[in-house]
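Step one of this worksheet: look at the structure below.
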Amino acid sequence: QVQFVESGGGLVQPGGSLRLSCAASRSIFRMGWYRQAPGKQRELVASITSGGSTDYVDSVKGRFTISRDNAKNTAYLQMNSLKPEDTAVYYCNSRPPIPPYWGQGTQVTVSS
């Protein structure tokens, strides 16, 4: 059993930045950030292994950076140059995800 707690979301203007945090209740080999927009399926945004190997969805490459602090079981997502299409609820989980253990997520809204 594992729990994930996301934080750091908010309302930001296009071109702005946000930094999300994900605290896991135990160590995870590969941690991932996912997002779900209204009417859309949840998609993987980025992932990182305990050794620092990363993957990104094409739409965020060059704008988002995933990192982690293994001592704190915490992953981060630095989001720069935000676009309206980045608006979604952002979740963290393992990759592949453990379906029963999604957290509440954190809302990111890019508008005005």
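Excluded from the calculations below are hydrogen atoms, water molecules and symmetry mates; all remaining heavy atoms, backbone and side chain alike, are included.
For the pair T106 (side chain) and G9 (backbone), a donor-acceptor distance under 3.5 Å is present. For the pair S25 (side chain) and V2 (backbone), a donor-acceptor distance under 3.5 Å is absent. Judged purely by atom type and a 3.5 angstrom limit, Y90 has no side-chain atom pairing as donor or acceptor with the backbone of E6. A donor-acceptor contact shorter than 3.5 Å is absent between the side chain of D69 and the backbone of T74.
For S50 and N70, the side-chain atoms include no donor-acceptor pair closer than 3.5 Å. At a cut-off of 3.5 Å, with distance as the only test, a side-chain donor of T109 or Q107 sits close to an acceptor on the other residue.
Of all heavy-atom pairs between A88 and A37, the closest is CB-N, 3.8 Å. Here the closest heavy-atom approach between residue R68 and residue I28 is recorded as NH2-O, 2.7 Å. Here the shortest heavy-atom pairing between Y56 and I66 reads OH-N, 3.0 Å. In terms of heavy-atom proximity, S111 sits nearest to L11 at CB-CD1, 4.3 Å. Residues F4 and N93 share a closest heavy-atom pair of CE1-OD1, 3.5 Å. Across every non-hydrogen atom of S94 and I98, the tightest pair is OG-CG1, 3.4 Å.
Partners of D86 under the side-chain hydrogen bond (donor to acceptor under 3.5 Å, both in side chains) rule, at least two apart in sequence or in another chain, are R35, R63. K40 meets the salt bridge (Lys or Arg N to Asp or Glu O under 4.0 Å) test with no other residue; sequence neighbours excluded.
Linking Ile, Leu, Val, Met, Phe, Trp and Tyr whenever their side-chain heavy atoms come within less than 4.5 Å leaves V12 and Y76 in two separate clusters. Tracing side-chain contacts under 4.5 Å through hydrophobic residues (I, L, V, M, F, W, Y), one never reaches I48 starting from Y91; they form parts of separate clusters. In terms of hydrophobic clustering, with Ile, Leu, Val, Met, Phe, Trp and Tyr side chains grouped at heavy-atom distances under 4.5 Å, V57 and L77 are assigned to a common cluster.
Ring planes of Y34 and W102: perpendicular class, angle over 60° (limits at 30 and 60°).
Distance check: N80 CG to S17 OG gives 3.5 Å after rounding to the nearest 0.5 Å. Atom OG of S59 sits about 8.5 Å away from atom CD of E85, to the nearest 0.5 Å.
Open room surrounds CD on Q104; 12 or fewer heavy atoms of other groups in view lie less than 6.0 Å from it.
For the pair V108/M79, a side-chain contact is recorded, criterion being any heavy-atom separation below 4.5 Å from C-beta on. Residues S67 and R19 have side chains in contact (heavy-atom distance under 4.5 Å, counting atoms from C-beta outward). In this structure the side chain of D55 reaches within 4.5 angstrom of the side chain of R95, judged on heavy atoms.
Here disulfide bond (SG atoms under 2.5 Å apart) pairs that include residues 74-112, with residues two or more places apart or in two chains, are C22-C92.
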